[in-house]
Novice: 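I'd like to ask some things about the structure below.
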Amino acid sequence: MYGKLRGKKALITGASKGIGRAIAEELSSYGVKVALLARSKDKLDEVVERITRSENEALALKSDLCDKASILSAIIEYKKQFGSLDFLINNAGFGVRRLWQDIPLDMELEMMAVNYLAPVILIRHFLPEMLHRDTGHIVNINSFAGIYSAPYQGAYAASKSALVSYATSLAYELEKTNVHISSVFLGPTDTEFIRSAHDEDWVDNHKKSKLNTTKNVAKVVISTLVNPKESVVVESPLILWAARLTNLNPRLARKLIEKKHAPPKNFLE
Ligand SMILES: NC(=O)c1ccc[n+]([C@@H]2O[C@H](COP(=O)([O-])OP(=O)(O)OC[C@H]3O[C@@H](n4cnc5c(N)ncnc54)[C@H](OP(=O)(O)O)[C@@H]3O)[C@@H](O)[C@H]2O)c1
């Protein structure tokens, strides 16, 4: 089954590090031509060099997903170099867990731009051509926060739930085609994200052994490309159902969560 990946072309956002980098490296090991998008050109070049050393094809696309013009020039560059696209992996994202008054408005707007609006712009540009060829797959890296609005991360949860709503609605329209859209749900994974998004207490509270590895997430993404599903969970599917159930009684859920995770420190104090 994995043999059918060879020769396909993928665009992975947020591929300079973390989960995106692992997806790019894993995909290229199956002979997929990969385009890696992020802001840090030096890091992208490093990954591209590693991949091309193993005689696979890779392309670095420097782009800021907060900026529509920058996304459009990355799309133009992609099309110039690779032409058509088989797999769009919307992975880039960031979040913070802080008291509401400690999250600046500009950060909330950026979160919406990177986590939700950029995937929409990319889908708008690549989906028509996928539909025309009647083949293609869009994978959105989501989070349990996209289902359950945990306290202290309203903007992050809103951006991820907007993305899951968009994908779930679009999946219905794609049902009669050979183009797929998947949402991959995951919890804490060992990347810089967990340290930039949370305070030290939260990170200490999550024992290393409980974190997903980027390699494991990448393997789940690739098996989704081989065997398309609308919703995919990196851990047990029960966690997704538990996240959905919290919406029946959010106040109780918040109380239970707060017993495990102390509120973030007040950064303004
Ligand atoms: N790690 C977790 O615990 C966890 C849990 C659930 C869901 N997720 C989701 O998994 C995805 C990947 O996260 P990660 O853990 O791999 O985080 P990470 O290690 O911090 O990597 C984030 C990636 O996104 C890119 N990025 C961020 N802002 C960007 C912008 N404005 N323009 C272009 N690229 C940008 C970064 O590249 P540059 O900085 O070079 O631009 C980097 O490549 C995210 O969507 C996140 O929400 C992560």
Novice: Which heavy atom in Val164 sits nearest to a heavy atom in Gly146, and how many Å separate them?
Specialist: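 Smallest heavy-atom distance, with atoms named: CG1-O, 3.7 Å.
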
Novice: Determine whether a donor-acceptor pair (N or O, by modelled atom type, separation under 3.5 Å) exists between the side chain of Ser63 and the backbone of Ser70.
Specialist: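 Between the backbone of Ser70 and the side chain of Ser63 there is a qualifying donor-acceptor contact (under 3.5 Å).
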
Novice: Would you confirm whether Asn91, through its side chain, and Ile141, through its main-chain N or O, come within 3.5 Å as a donor-acceptor pair?
Specialist: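 It does not hold such a pair.
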
Novice: Do you know which of Ile181, Leu88, Leu174 makes side chain to side chain contact (heavy atoms under 4.5 Å, CB included) with Leu127?
Specialist: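 Exactly one option meets the side chain to side chain contact (heavy atoms under 4.5 Å, CB included) with Leu127, and it is Leu174.
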
Novice: Donor-acceptor pair, Ser54 side chain versus Arg50 backbone, under 3.5 Å?
Specialist: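 Here the side-chain-to-backbone pair exists.
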
Novice: To the nearest 0.5 Å, what is the distance between CG (Asn216) and CD (Glu26)?
Specialist: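 If I round to the nearest 0.5 Å, the distance is 10.0 Å.
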
Novice: For the residue pair Ala145 and Gln153, what are the closest heavy atoms and their distance?
Specialist: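 The answer is CB-OE1, 4.1 Å.
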
Novice: Is the side chain of Ser169 donor-acceptor paired with the backbone N or O of Tyr166 at a distance under 3.5 Å, no angle test?
Specialist: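 Not at all, since once roles are kept as given, no pair shorter than 3.5 Å links the two residues.
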
Novice: Determine whether Ile89 and Ile71 fall in the same hydrophobic cluster, where Ile, Leu, Val, Met, Phe, Trp and Tyr are linked whenever their side-chain heavy atoms lie under 4.5 Å apart.
Specialist: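 No, Ile89 does not connect to Ile71 through the hydrophobic network.
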
Novice: Examine distances only and state if a side-chain atom of Ser159 and a backbone atom of Ala157 form a donor-acceptor pair shorter than 3.5 Å.
Specialist: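 Side chain of Ser159 to backbone of Ala157, a donor-acceptor pair under 3.5 Å: no, none is there.
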
Novice: Linking I/L/V/M/F/W/Y whenever any side-chain heavy atoms sit under 4.5 Å apart, do Ile23 and Leu186 land together?
Specialist: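 Hydrophobic grouping puts Ile23 with Leu186.
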
Novice: Determine, stepwise, if the pair Leu11 / Leu37 fulfils side chain to side chain contact (heavy atoms under 4.5 Å, CB included).
Specialist: CA-CA 7 Å; Leu11 168 57; Leu37 183 152; 4.2 Å; yes

Novice: State, with a plain yes or no, whether a side-chain heavy atom of Asn140 is found less than 4.5 Å away from one of Asn90.
Specialist: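 Sidechains of Asn90 and Asn140: in contact.
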
Novice: Any ring pair (Phe, Tyr, Trp, His ring centres under 6.0 Å) involving residues 3-24? Give me the pairs, sequence neighbours left out, ordered by first then second residue.
Specialist: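 Listed by first then second residue: nothing to list.
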
Novice: Are side-chain heavy atoms of Phe144 and Arg244 found at a separation under 4.5 Å?
Specialist: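 They are not in side-chain contact.
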
Novice: Can you tell me if NZ on Lys176 sees more than 12 non-hydrogen neighbours from other groups inside 6.0 Å?
Specialist: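 At most 12 heavy atoms, drawn from other residues, nucleotides or ligands, come within 6.0 Å of this atom.
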
Novice: Stepwise, does the side chain to side chain contact (heavy atoms under 4.5 Å, CB included) test hold for Ile138 with Phe87?
Specialist: CA-CA 6 Å; Ile138 298 158; Phe87 305 139; over 6 Å; no

Novice: How close do Gly187 and Glu235 get, heavy atom to heavy atom, and via which atoms?
Specialist: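 Answer, listing the atom of Gly187 first, then Glu235: N-OE2, 3.1 Å.
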
Novice: Pair Thr168, Glu230 - check side chain to side chain contact (heavy atoms under 4.5 Å, CB included), show working.
Specialist: CA-CA 8 Å; Thr168 307; Glu230 196 178 312; 3.7 Å; yes

Novice: To the nearest 0.5 Å, tell me how far Leu122 CG sits from Leu117 CG.
Specialist: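 Here the interatomic distance stands at 11.0 Å.
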
Novice: Between CG of Asn249 and NZ of Lys255, what distance do you get to the nearest 0.5 Å?
Specialist: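 Interatomic distance, Asn249 CG to Lys255 NZ, rounded to 0.5 Å: 8.5 Å.
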
Novice: So how far is it from Arg98 CZ to Met107 CE, rounded to the nearest 0.5 Å?
Specialist: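 Reported to 0.5 Å precision, the distance equals 4.5 Å.
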
Novice: I'd like to check the side-chain hydrogen bond (donor to acceptor under 3.5 Å, both in side chains) partners of Thr224; sequence neighbours left out, ordered by chain and number.
Specialist: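 side-chain hydrogen bond (donor to acceptor under 3.5 Å, both in side chains) check on Thr224 returns nothing, list empty.
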
Novice: Would Ile147 and Asn247 count as a side chain to side chain contact (heavy atoms under 4.5 Å, CB included) if you check the C-alpha gap in whole Å, the side-chain angles of each, and the deciding distance to 0.1 Å?
Specialist: CA-CA 8 Å; Ile147 305 289; Asn247 292 320; 4.1 Å; yes

Novice: Any sub-3.5 Å donor-acceptor pair from Asn142's side-chain atoms to Ser183's backbone N or O?
Specialist: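 Flag not set: sc Asn142 to bb Ser183 has no pair under 3.5 Å.
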
Novice: Parallel, tilted or perpendicular: which fits the ring planes of His137 and His180, with parallel below 30° and perpendicular above 60°?
Specialist: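 Taking His180 first and then His137, their aromatic rings sit tilted (interplane angle of 30° to 60°).
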
Novice: Tell me whether the count of non-hydrogen atoms from other residues, nucleotides or ligands lying under 6.0 Å of NZ in Lys215 goes above 12.
Specialist: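 Result for NZ/Lys215: open.
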
Novice: Indicate the atoms forming the closest heavy-atom contact of Gly31 with Asn56, along with that distance.
Specialist: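 Distance-wise, the nearest heavy atoms are CA-OD1, 4.3 Å.
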
Novice: For residues Tyr78 and Phe82, establish whether the separation of their ring centroids is below 6.0 Å.
Specialist: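 Under 6.0 Å, so yes.
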
Novice: For the OG atom of Ser143 and the CG atom of Asn115, what is their distance to the nearest 0.5 Å?
Specialist: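 Between atom OG of Ser143 and atom CG of Asn115 there are 9.5 Å.
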
Novice: Taking a hydrophobic cluster as the set of Ile, Leu, Val, Met, Phe, Trp and Tyr residues connected by side-chain heavy atoms closer than 4.5 Å, whether directly or through intermediates, do Val48 and Ile51 fall within one such cluster?
Specialist: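 Same hydrophobic cluster.
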
Novice: Would you say the side-chain atoms of Ser16 pair up with the backbone N or O of Leu44, donor to acceptor, closer than 3.5 Å?
Specialist: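 Answer holds: no.
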
Novice: Hey, what else clusters with Leu245 if you join Ile, Leu, Val, Met, Phe, Trp, Tyr whenever side-chain heavy atoms sit under 4.5 Å?
Specialist: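 Listed partners: Leu248.
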
Novice: Treating Ile, Leu, Val, Met, Phe, Trp and Tyr as nodes and any side-chain heavy-atom pair under 4.5 angstrom as an edge, say whether Leu27 and Ile19 lie in one connected cluster.
Specialist: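 Same cluster.
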
Novice: Please determine if Arg133 and Asp86 form a salt bridge, counting it only when a charged side-chain N lies under 4.0 Å from a carboxylate O.
Specialist: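 Result for this pair is yes, salt bridge flagged.
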
Novice: Ignoring hydrogens, what is the shortest heavy-atom contact between Thr214 and Gly18? Give both atom names and the distance.
Specialist: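 Here Thr214 and Gly18 meet closest at CG2-C, 3.8 Å.
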
Novice: How far does OG of Ser165 sit from CG of Leu170, to the nearest 0.5 angstrom?
Specialist: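 That separation rounds to 12.0 Å.
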
Novice: Keeping the roles fixed (side chain from Arg21, backbone from Lys43), state whether a donor-acceptor pair exists under 3.5 Å.
Specialist: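 No; zero donor-acceptor contacts below 3.5 Å.
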
Novice: Membership question, hydrophobic clusters at under 4.5 Å side-chain separation (ILVMFWY): are Ile194 and Val184 in the same one?
Specialist: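 No, no single cluster joins them.
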
Novice: Ring-plane angle category for Tyr2 and Tyr30, please: parallel below 30°, perpendicular beyond 60°, tilted otherwise.
Specialist: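 Taking Tyr30 first and then Tyr2, their aromatic rings sit tilted (interplane angle of 30° to 60°).
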
Novice: Taking the side chain as every heavy atom from C-beta outward, state whether Phe126 and Ile75 have any atom pair closer than 4.5 Å.
Specialist: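 Counting from C-beta outward, Phe126 and Ile75 do come under 4.5 Å.
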
Novice: Show, in sequence, the C-alpha distance, side-chain angles and deciding distance for Phe94 and Tyr156, and conclude whether the ring-ring contact (aromatic ring centres under 6.0 Å, His included) test is met.
Specialist: CA-CA 8 Å; Phe94 76 101; Tyr156 180 64; 8.4 Å; no

Novice: Taking Val139's backbone N and O only, do any of them form a donor-acceptor pair with Ser182's side chain (distance below 3.5 Å, no angle check)?
Specialist: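 No; judged by distance alone, with no hydrogens or angles, the pair does not exist.
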
Novice: Treating Lys160 as the side-chain partner and Ser149 as the backbone partner, does any N or O pair qualify as donor plus acceptor under 3.5 Å?
Specialist: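 No, Lys160 side chain to Ser149 backbone: no donor-acceptor pair under 3.5 Å.
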
Novice: Measure across Ala24 and Val34 and return the closest heavy-atom pair with its distance rounded to 0.1 Å.
Specialist: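 In terms of heavy atoms, the two residues are closest at O-CG1, 3.9 Å.
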
